[in-house]
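Remember, it's 1-based here, ligands and their atoms both numbered in the order they're listed.
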Amino acid sequence: MTDSIKFWAVVPAAGVGKRMNADRPKQYLELAGKTVLEHTLTRLLQAEVFAAISVAVSEEDPYWPVCQLSHHEKIITAAGGKERADSVLSALKAIRADAADNDWVLVHDAARPCLTSTDIHQLIESLVDDEVGGILALSSHDTLKNVQNGCIVGTLDRTHIWRALTPQMFRYGMLKSALQAAEGNPAITDEASALELQGLQPKIVEGRPDNIKITRPEDLALAQFYLEQQQ
Ligand code: C5P
């Protein structure tokens with residue numbers, strides 16, 4: 001590992017989380033005494049590897065300014081964008097004065113509060129000498145169907161199918177230019193897909209199944225269970 005290379009975390013937290021049917025964005029729902037976002041940021045801070053954490057929040061977000069962590073010395077606030085990729089790009093631009101092209105960036109969803117230090121360090125150790133970078137992912141245990149108009153039109157070969165998780169770890173310069181090149185493309189739902197569009201092949205690092213994304217109301221109870229198990 002080159003000593004001068006820094007690690008940065010980027011947290012897109014500007015989504016509304018419609019599928020939660022809640023009175024506030026899902027990253028501000030309460031989970032075991034804190035908000036989902038506070039859990040996520042605390043996990044990243046506890047890893048003690050990041051020069052700073054750049055958090056993209058909506059400009060109309062009333063919860064972030066009153067969140068104590070928004071004033072933390074290692075946390076930088078950036079303006080969120082229309083899509084997740086726009087928020088990530090904005091968070092990257094917010095650290096441009098201090099980040100070098102070769103530095104590593106770990107992008108992690110605000111809505112994944114059960115991230116462990118084990119997963120962060122596993123990802124870093126696996127990829128730190130890599131040219132491109134890669135992502136945490138899980139292989140698919142279920143058989144996957146291609147469905148059109150409610151009918152199955154094919155079965156995917158699941159030996160080649162992985163579910164993309166976060167963090168996703170890429171070089172600052174490469175990630176920024178890949179996202180800029182892909183701006184406005186609705187197919188870019190994670191960082192790896194922007195790199196793939198450049199003809200690159202990010203690596204897979206097997207993650208832990210407890211690193212769930214809060215998407216539906218029942219996920220909060222599951223996240224609480226995992227947080228307790230991790231104690
Ligand atoms: O909606 P979904 O769960 O896929 O969002 C993943 C992450 O991206 C969440 O942390 C969400 O807050 C963030 N996001 C964002 N800006 C958007 C849309 C989503 O930062 N415009």
Taking the basic N atoms (NZ, or NE/NH1/NH2) and the acidic carboxylate oxygens, is any pair closer than 4.0 Å for Arg216 and Asp219? no
Ignoring hydrogens, tell whether any protein atom lies closer than 4.0 Å to atom 5 (O) of ligand 1; use the non-hydrogen atoms only. no
Any Lys/Arg nitrogen of Glu48 or Lys74 sitting under 4.0 Å from an Asp/Glu carboxylate oxygen of the other? no
Under a 4.0 Å N-O cut-off, is there an ion pair linking Asp98 with Lys6? no
Quick one: does ligand 1 sit under 4.0 Å from the side chain of Lys213, the backbone, both or neither, non-hydrogen atoms only? side chain
Counterpart residues, ring-ring contact (aromatic ring centres under 6.0 Å, His included), relative to Tyr28 (two or more places apart): Tyr63
If we only consider heavy atoms of Lys26, is any one of them less than 4.0 Å away from an atom in ligand 1? yes
Residues, nucleotides or ligands: over 12 heavy atoms within 6.0 Å of Gln68 CD: no
May I ask you to list the atoms of ligand 1 that are less than 4.0 angstrom from any heavy atom of Gly81? 17 (C), 21 (N)
Protein contact to atom 14 (N) of ligand 1 [nearest heavy atom, distance to 0.1 Å]: Gly15 N, 3.5 Å
In Å and rounded to the nearest 0.5 Å, what is the CD1 to CZ distance from Ile135 to Phe170? 7.0 Å
State if Asp109 counts as touching ligand 1 under the rule of any non-hydrogen atom under 4.0 Å. yes
Pairs of nitrogen or oxygen atoms closer than 3.5 Å, one from Ile214 and one from ligand 1: do any exist? no
Give the numbers and elements of all ligand 1 atoms closer than 4.0 Å to a heavy atom of Lys82. 21 (N)
Ala110, portion touching ligand 1 at heavy-atom distance under 4.0 Å: both
Applying side chain to side chain contact (heavy atoms under 4.5 Å, CB included) to Asn149 and not counting sequence neighbours gives none
Against ligand 1, does Ala111 come closer than 4.0 Å with any heavy atom? yes
List the closest protein heavy-atom neighbour of atom 9 (C) of ligand 1: residue, atom name, distance to the nearest 0.1 Å. Pro12 O, 3.7 Å
Numbered atoms of ligand 1 (with element) below 4.0 Å of Ser87, judged on heavy atoms: 15 (C), 16 (N), 17 (C), 20 (O), 21 (N)
I'd like to know if Lys203 pairs up with Asp130 as an ion pair, taking the criterion as any Lys NZ or Arg NE/NH1/NH2 lying under 4.0 Å from an Asp or Glu carboxylate oxygen. yes
